[in-house]
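Here's the structure, in structure tokens; my notes come after.
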There are 2 protein chains.
Amino acid sequence: MSASRTARERVRAELIREITEIARRHLTVDGAAGLSLRAVAREMGMVSSAIYRYFPSRDDLLTTLIVDGYNALGEAVEKADAACARDDYMGRWLAVCHVVRGWALAHPHEYALLYGSPVPGYRAPEDTIAPATRGVAVYGRILADAIAAERLAPPAILPEPPATITPDADTVRTLIPGASDDVITRAVTAWTGLFGMVSFEVFGQFTNTINHRAEFFEHTMTCLARLLGLPS
Amino acid sequence: MSASRTARERVRAELIREITEIARRHLTVDGAAGLSLRAVAREMGMVSSAIYRYFPSRDDLLTTLIVDGYNALGEAVEKADAACARDDYMGRWLAVCHVVRGWALAHPHEYALLYGSPVPGYRAPEDTIAPATRGVAVYGRILADAIAAERLAPPAILPEPPATITPDADTVRTLIPGASDDVITRAVTAWTGLFGMVSFEVFGQFTNTINHRAEFFEHTMTCLARLLGLPS
DNA sequence: ATTCGTCAAGAGCAGTGCTCTCGAATCCTG
DNA sequence: CAGGATTCGAGAGCACTGCTCTTGACGAAT
């Protein structure tokens with residue numbers, strides 16, 4: 001029962017892989033709503049009903065694509081972070097920002113699937129939340145490292161967060177050990193700022209407005225880092 | 001040719017109104033992908049082909065819904081701003097934030113249509129860009145008023161933006177007269193931060209993480225205002 | 001009163017997700 | 001190795017979608 005037992009299981013795993021591969025290609029071309037089980041089956045030389053042997057519904061196929069997307073982005077984030085000097089906290093943050101933006105621009109439909117409007121009658125299953133935390137876990141590690149090295153110096157321009165959010169901050173603190181409530185809220189603000197910026201760009205909110213987007217992005221992410229207190 | 005010429009045009013306008021009304025109700029219930037021309041026609045006691053007398057395609061119906069959405073949100077923003085003292089710049093900004101968040105939570109599918117992933121093969125026509133600027137115009141006016149009153153004092157914790165983005169800043173400056181490039185970038189950062197936060201909440205990115213969302217939102221928006229330099 | 005434009009209705013096309021049944025191929029067990 | 005159990009692909013079919021085209025009826029202008 002190591003990698004593959006029977007021949008049937010081998011071909012089954014291979015078929016599942018091939019289906020998701022074709023589906024991902026259709027997704028990147030036509031978007032989530034254009035993903036058709038019948039079209040995938042047609043391309044595989046199968047009949048549509050045969051697909052249902054491998055994916056009980058279209059939503060399940062979509063779910064694995066979402067999971068794959070989170071993993072792909074998460075892995076890219078991990079690699080970008082790993083390529084930086086451990087004590088270059090600002091560089092690590094900017095690397096994460098750039099790889100998120102780059103991945104989103106390279107795979108806009110997949111990005112939309114992860115961070116855009118949820119698809120129609122689709123309910124996000126439990127399987128998606130674990131891989132979804134992969135990217136933000138890296139982010140938390142960067143901040144935790146900076147805190148541990150006493151290099152995080154957030155500028156004292158903000159009011160203290162209300163005590164109401166302490167329980168929520170506790171949840172986030174599992175990702176950023178040692179962070180105060182103030183740092184937690186700054187961290188979430190910067191994180192949502194990153195994705196807000198990327199979403200605005202990917203979803204076309206910047207058309208006819210911001211054209212030097214790479215430079216603009218670079219600068220605004222640096223600003224968010226400053227708000228966070230990351231050392232330059 | 002004043003309000004209504006012939007009886008035929010009257011009933012035609014009324015039918016268009018009724019179709020969009022039913023379509024909007026279907027939209028808020030089932031989402032954009034669940035919006036079906038046939039279902040709308042069925043509810044009106046019409047046959048599906050009759051709808052095409054009034055909307056040449058499903059995308060055109062969607063476009064008017066998008067335009068209506070931008071106008072509804074824009075009008076809400078305008079009203080919220082108008083209800084504040086003109087020199088309470090922080091209050092006006094927070095009012096805008098709250099009304100955006102409230103409207104998004106009350107109409108998640110419509111919000112997704114405006115600020116989420118663009119629908120499948122749908123290309124945003126020109127008609128949508130004008131109403132889309134209604135909300136951000138209010139935002140620009142708030143900042144412009146604060147600048148004119150010399151009450152905008154952004155904390156000097158950020159690096160100067162690169163000169164590359166000056167042409168883009170010029171474009172935004174038509175909305176915020178008198179703003180420096182630095183203020184412009186801060187303003188865009190705060191604006192995307194607002195929508196990033198709202199999108200994360202509406203699209204379910206905060207589930208199992210941030211639960212005291214109203215308080216959290218209030219605080220983070222205050223932080224963004226501080227970054228902007230709005231007086232408390 | 002007749003002509004002309006507008007309209008609702010219906011049939012129809014091509015496509016979708018999904019279910020069911022039916023042989024055939026494959027696997028596991030005796 | 002043989003037989004029963006599982007799994008699988010194929011096909012038909014249901015209910016639904018957006019959209020097109022034709023047909024016949026109604027109302028308004030000439």
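Atom set for the values below is all heavy atoms of this structure, side chains included, hydrogens, waters and symmetry mates excluded. Below, read A as the first sequence line, B as the second, and so on, with proteins coming before strands; counting in each chain starts at 1. Treat the numbers as computed from the prediction; the structure is a model and nothing was measured.
Between B:Gly45 and A:Ser36, the residue whose closest nucleotide on DNA chain C is further toward the 5' end is B:Gly45. The 5' end of DNA chain C is approached more closely, in terms of each residue's nearest nucleotide, by A:Ala39 than by the other of A:Arg53 and A:Ala39.
Within 4.0 Å (heavy atoms only), B:Leu35 reaches sugar-phosphate atoms of the nucleic acid but no base atom. Within the nucleic acid shown, B:Ser48 comes within 4.0 Å of at least one base atom, counting heavy atoms only.
Computed from coordinates, the B:Arg10 CZ to D:dA28 C1' distance equals 15 Å when rounded to whole Å. For the pair B:Glu9 CD and D:dG27 C1', the computed distance is 14 Å after rounding to whole Å. The separation between A:Asp60 atom CG and C:dC18 atom C1' is 13 Å, rounded to whole Å. As rounded to whole Å, 15 Å separates atom P of D:dA10 from atom OH of A:Tyr52. When the P atom of D:dG18 is taken as reference, atom CE of B:Met46 falls 15 Å away, rounded to whole Å. Rounded to an integer number of Å, the gap from A:Ile51 CD1 to D:dA10 P is 10 Å. As a whole-Å value, the separation of A:Arg8 CZ from D:dA5 P is 15 Å.
Closest to the B:Tyr54 side chain, of the nucleotides C:dG17, C:dC7, C:dT26, is C:dC7. Checking C:dT16, C:dT19, D:dA10 against the side-chain heavy atoms of A:Arg42 singles out C:dT16 as nearest. The side chain of A:Ala50 lies closest to D:dG9, out of C:dT16, D:dT17, D:dG9. Among D:dG18, D:dT7, C:dG17, the nucleotide with an atom closest to any side-chain atom of B:Leu37 is D:dG18.
Of the possible polar contacts, none joining the A:Thr128 side chain to the A:Val67 backbone as a donor-acceptor pair under 3.5 Å is found. At distances below 3.5 Å, not a single donor-acceptor pair connects side-chain atoms of A:Asp81 with backbone N or O atoms of A:Val77. In terms of modelled atom types and a separation under 3.5 Å, the side chain of A:Tyr139 and the main chain of A:Val96 share no donor-acceptor contact. Within the 3.5 Å criterion, the main-chain N or O of B:Leu73 finds no donor-acceptor partner in the side chain of B:Arg134.
Annotation: proximity of residues 13-20 of chain B to DNA chain D (heavy atom, distance under 4.0 Å) is found for no residue.
Proximity of B:Arg12 to the phosphate of C:dC7: a side-chain N or O atom is located under 4.0 Å from OP1 or OP2. Of the side-chain N and O atoms in A:Arg58, one or more sit less than 4.0 angstrom from OP1 or OP2 of C:dG17.
Using a 3.5 Å distance cut-off with no hydrogens or angles, the side chains of A:Asp60 and A:Ser57 do pair a donor with an acceptor. In summary, the side chains of A:Ser199 and A:Tyr111 do present a donor paired with an acceptor at a separation below 3.5 Å, with no hydrogens or angles considered.
Between the side chain of B:Arg38 and the base of D:dG18 there is at least one donor-acceptor pair of N/O atoms closer than 3.5 Å.
Ionic pairing of A:Glu14 and A:Arg10 is not present here: no N-O contact between side-chain nitrogen and carboxylate oxygen is shorter than 4.0 angstrom.
In this structure, B:Leu62 and B:Arg58 have side chains that are in contact, with non-hydrogen atoms separated by less than 4.5 Å.
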